[in-house]
Asks: 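Before I ask anything, let me first share the structure, which is written out below as structure tokens.
Every chain is numbered from 1 and lettered A, B, ... according to where its sequence line falls, protein lines coming before strand lines. All values below come from the heavy atoms of this structure, side chains included, with hydrogens, waters and symmetry mates left out.
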Protein chains: 2
Amino acid sequence: MPTREHILQAADQLFYERGFESTSFTNIADTVGISRGNFYHHFKSKDDILEAVIALRTERTQAMLDHWEAQGGTPEERIRCFIHILIANRTKIMAHGCPIGTLSSELAKLDHSLLAQATSLFTLFRAWLARQFVALGRKKDADTLAMHLLARSQGVATLANAFHDKAFVQSEVDQMNQWLAAIAAGKQ
Amino acid sequence: MPTREHILQAADQLFYERGFESTSFTNIADTVGISRGNFYHHFKSKDDILEAVIALRTERTQAMLDHWEAQGGTPEERIRCFIHILIANRTKIMAHGCPIGTLSSELAKLDHSLLAQATSLFTLFRAWLARQFVALGRKKDADTLAMHLLARSQGVATLANAFHDKAFVQSEVDQMNQWLAAIAAGKQ
DNA sequence: GTCTATACCTGGATAGAC
DNA sequence: GTCTATCCAGGTATAGAC
């Protein structure tokens, strides 16, 4: 793997696991197996790495959403894909929270200039979910429903991280799926 | 105000607004109006300050819960007090998130020894809410309902912080109150 | 109890040899 | 493209005068 990609991948993981601020160049250098001085051939600054990491996550997220869309299936099934992330990633979520939520929170506290770009990762999901709810016939409140579902998954991620409770995650996912089914059936 | 209390109050606020790690002794010293060297007469270390801040928050939270309990009223009204925090503190929440949720997330990433004590702040709410749901006749799933409500409020706090959307907070609070009313009426 | 001065370390970042 | 050596700012923490 090219060094630049290798740095990016290590930074992506470390920023998630330890947070942006508390991840040092030394940490990344040790992971990648290069010297600290070599960074600046590939990136201007630590913020420059963060920007590239956010871009990488944006790309991957968009690809995932496109994939869910391309698979065919009903809007309900697509939204279920979103809900299912909590199950698929639950081990990581219990250990480190949601990568988007925790990064946004951290950058908000740091008053960091890249906060808006981190938040736009949320917007990707928000807009995609809203489109699915429109397809379910909820044109008027599609965005409200999208935000509602986003909020519930964020809350589950935060408490899963705090309490490390697998059963709680499963229970909440079940409830979200029930809620979604009621929406799809026009009963809510 | 005694200097120790003054330091504590400033640290409490700064840890909330800027995060624990990125708050420096210089920040606190400037706020309080003392020199950096003077800290160590009152606290052993920065972690020692954090421990005292968590203890302070625990005390205040417990007092608030006791107050809600002492006011009389139905369990439903008490739980409504909890939900109402999102409205009462919405300006701060939109700016800095939930003080408990963001601290827990940060300490989890730092792998900090005081994480468990921060998480116990959640437990205070969790146990109190569960007791109210028991009083509502939901003995069997009281804790599940408590965690559900806690998760929803955490999710709202995270997204309110990301999107700075007052109307979203209000909409979610309304939905939580409706959900609660259905529970109280035995319809859920 | 509060101050100044300072030690010591680690952070990000730079210069220049190879 | 990668390294070593180094700089400088800022962090926590300590010593000791007042």
Asks: Whole Å only: how far is the CG atom of B:L50 from the P atom of D:dA13?
Replies: 12 Å
Asks: What parts of residues 3-13 of chain B reach DNA chain C, counting only heavy atoms under 4.0 Å away?
Replies: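 Output list: B:T3.
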Asks: Check this one for me: any side-chain N or O of B:H42 less than 4.0 Å away from OP1 or OP2 of C:dT2?
Replies: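 B:H42 to C:dT2 OP1/OP2: side-chain N or O found under 4.0 Å.
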Asks: Scan nucleotides 12-18 of chain C nucleotide by nucleotide, 5' to 3', and note B when protein non-hydrogen atoms come under 4.0 Å of the base, S if they reach only the sugar-phosphate, - if neither.
Replies: SBB----
Asks: What I want to check is whether the side chains of B:S45 and B:D48 have a donor and an acceptor closer together than 3.5 Å.
Replies: no
Asks: Could you give the CD1-to-P distance, from A:I34 to D:dT4, as a whole number of Å?
Replies: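 Result: 12 Å.
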Asks: For B:S24 and B:N27, does a side-chain donor sit closer than 3.5 Å to a side-chain acceptor?
Replies: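 A donor-acceptor contact under 3.5 Å links the two side chains.
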Asks: How long is the line joining CG of A:D30 and P of D:dC3, in whole Å?
Replies: 12 Å
Asks: Under 4.0 Å between a side-chain nitrogen and a carboxylate oxygen: does that hold for A:K109 and B:E106?
Replies: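 Salt bridge flag = no for B:E106 with A:K109.
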Asks: From NE2 of B:H112 over to C1' of D:dT12, roughly how many Å is that when rounded to an integer?
Replies: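 Whole-Å distance recorded here is 13 Å.
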Asks: For B:R18 and D:dG10, what is the distance between atoms CZ and C1' respectively, to the nearest whole Å?
Replies: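 The answer, rounded to whole Å, is 13 Å.
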Asks: What I'd like to find out is whether the side chain of A:H6 reaches to under 4.5 Å of the side chain of A:I34, using heavy atoms alone.
Replies: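 Sidechains of A:I34 and A:H6: no contact.
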Asks: Once you round to the nearest 0.5 Å, how far does CZ of B:R152 lie from CD of A:E172?
Replies: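 So the CZ of B:R152 and the CD of A:E172 are separated by 9.0 Å.
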Asks: Verify the neighbour count for atom CD of B:Q71: are there more than 12 heavy atoms of other residues, nucleotides or ligands below 6.0 Å?
Replies: yes
Asks: Find the distance between CD1 (B:I87) and NE2 (B:H84) and round it off to the nearest 0.5 Å.
Replies: 6.5 Å
Asks: Rounding to an integer number of Å, can you tell me how far B:H41 NE2 sits from D:dA15 P?
Replies: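 B:H41 atom NE2 is separated from D:dA15 atom P by 16 Å.
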Asks: Check whether the side chains of A:D174 and A:Q178 place a donor and an acceptor atom closer than 3.5 Å, and report yes or no.
Replies: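 Absent: no donor and acceptor within the cut-off.
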